[in-house]
Amino acid sequence: MSDKMQGGAACEYEGKDFGANYTDSCCIDGYLWDLDSCEEPGGPLLEGGDLPCPKCNTLEYLEQAKEEAESCAFGSVAGSGGGFAYTGESIWLAAVRKAESLNPDGAAAALQKLGVVETLVPGDGPDGCTVHRYIYYGEGETNE
């Protein structure tokens, strides 16, 4: 069992964060654990602890999403339901929506602290990318 799992404090967040179409994650000590990773009912969770919780660890959650959004122009995920395509911008906007819905005050404070987020999308710029810039200050955001 990971050191991050010791103590067992949780904010009671549960979500769909490990790729299942059902609730497959829970928060323990501010990080998400895979509910499908125990070997026996009621046993310890063996996978997870690396993803910040969007509800109680909102700043770190958005920092991680920012890093991904600023380094990923586009990609796709295949799935039994046909899969989906994503861009750095769609990663960022989904993370912001999730954080704001679970922790409005924490998300607002985190966005102000982050300040500027430069998401990548396919385009005519260098390496086939264009930057969409989100600037967070005071109330709301602007998009350039």
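As the structure is a computational prediction, the values presented were derived from the model and not from experiment. Reckoned from all heavy atoms, side chains included, excluding hydrogens, waters and symmetry mates.
Separation of atoms CG (L93) and NE2 (H132) is listed at 10.0 Å; rounding is to 0.5 Å.
Legend: residues meeting side chain to side chain donor-acceptor pair (under 3.5 Å) with K55, ordered by chain and number and at least two apart, are absent. Not counting sequence neighbours, the partners of E118 by the side chain to side chain donor-acceptor pair (under 3.5 Å) test are R133. With sequence neighbours left out, A95 forms a side-chain contact (heavy atoms from CB on, under 4.5 Å) with Y61, L62, A65. Contacts of T119 classified as side chain to side chain donor-acceptor pair (under 3.5 Å), with partners at least two apart in sequence or in another chain: none. Judged as a side-chain contact (heavy atoms from CB on, under 4.5 Å), and not counting sequence neighbours, A109 has no contacts. Under the rule for a side chain to side chain donor-acceptor pair (under 3.5 Å), the partners of D17 that lie at least two apart in sequence or sit in another chain are Y13, S25, K98.
With contacts defined as side-chain heavy-atom distances shorter than 4.5 Å, the pair C26/L45 qualifies. For the pair Y31 and N57, the minimum side-chain heavy-atom distance is below 4.5 Å. Annotation: side chain of K66 is in contact with side chain of W92 (closest heavy-atom distance under 4.5 Å). The closest side-chain heavy-atom distance from L114 to E63 is below 4.5 Å. Side-chain contact between L120 and T87 is absent, with no heavy-atom pair separated by less than 4.5 Å. No side-chain heavy atom of P122 sits less than 4.5 Å from a side-chain heavy atom of C129. N103 is not listed as a side-chain neighbour of C56, based on a closest heavy-atom distance of 4.5 Å or more. Counting heavy atoms from C-beta on, the side chains of V116 and Y134 never come closer than 4.5 Å.
In terms of heavy atoms, G88 sits closest to A69 at O-CB, 3.1 Å.
By the criterion of side-chain heavy atoms lying less than 4.5 angstrom apart, applied directly or through intervening Ile, Leu, Val, Met, Phe, Trp or Tyr residues, F18 is grouped together with L102 in one hydrophobic cluster. In this structure, V131 is not a member of the same hydrophobic cluster as V121, with clusters built from ILVMFWY side-chain heavy atoms closer than 4.5 Å.
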Next item on the list: Kindly determine whether K16 and N21 satisfy side-chain contact (heavy atoms from CB on, under 4.5 Å), including the steps that lead there.
Entry: CA-CA 7 Å; K16 300 175 183 177; N21 61 359; 5.7 Å; no
Checklist line | Chi angles and distances behind the side-chain contact (heavy atoms from CB on, under 4.5 Å) call for Y22, L35 | finding: CA-CA 10 Å; Y22 52 86; L35 292 172; over 6 Å; no
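Checked by atom type and distance alone, the side chain of D24 pairs as donor or acceptor with a backbone atom of A20 at under 3.5 Å.
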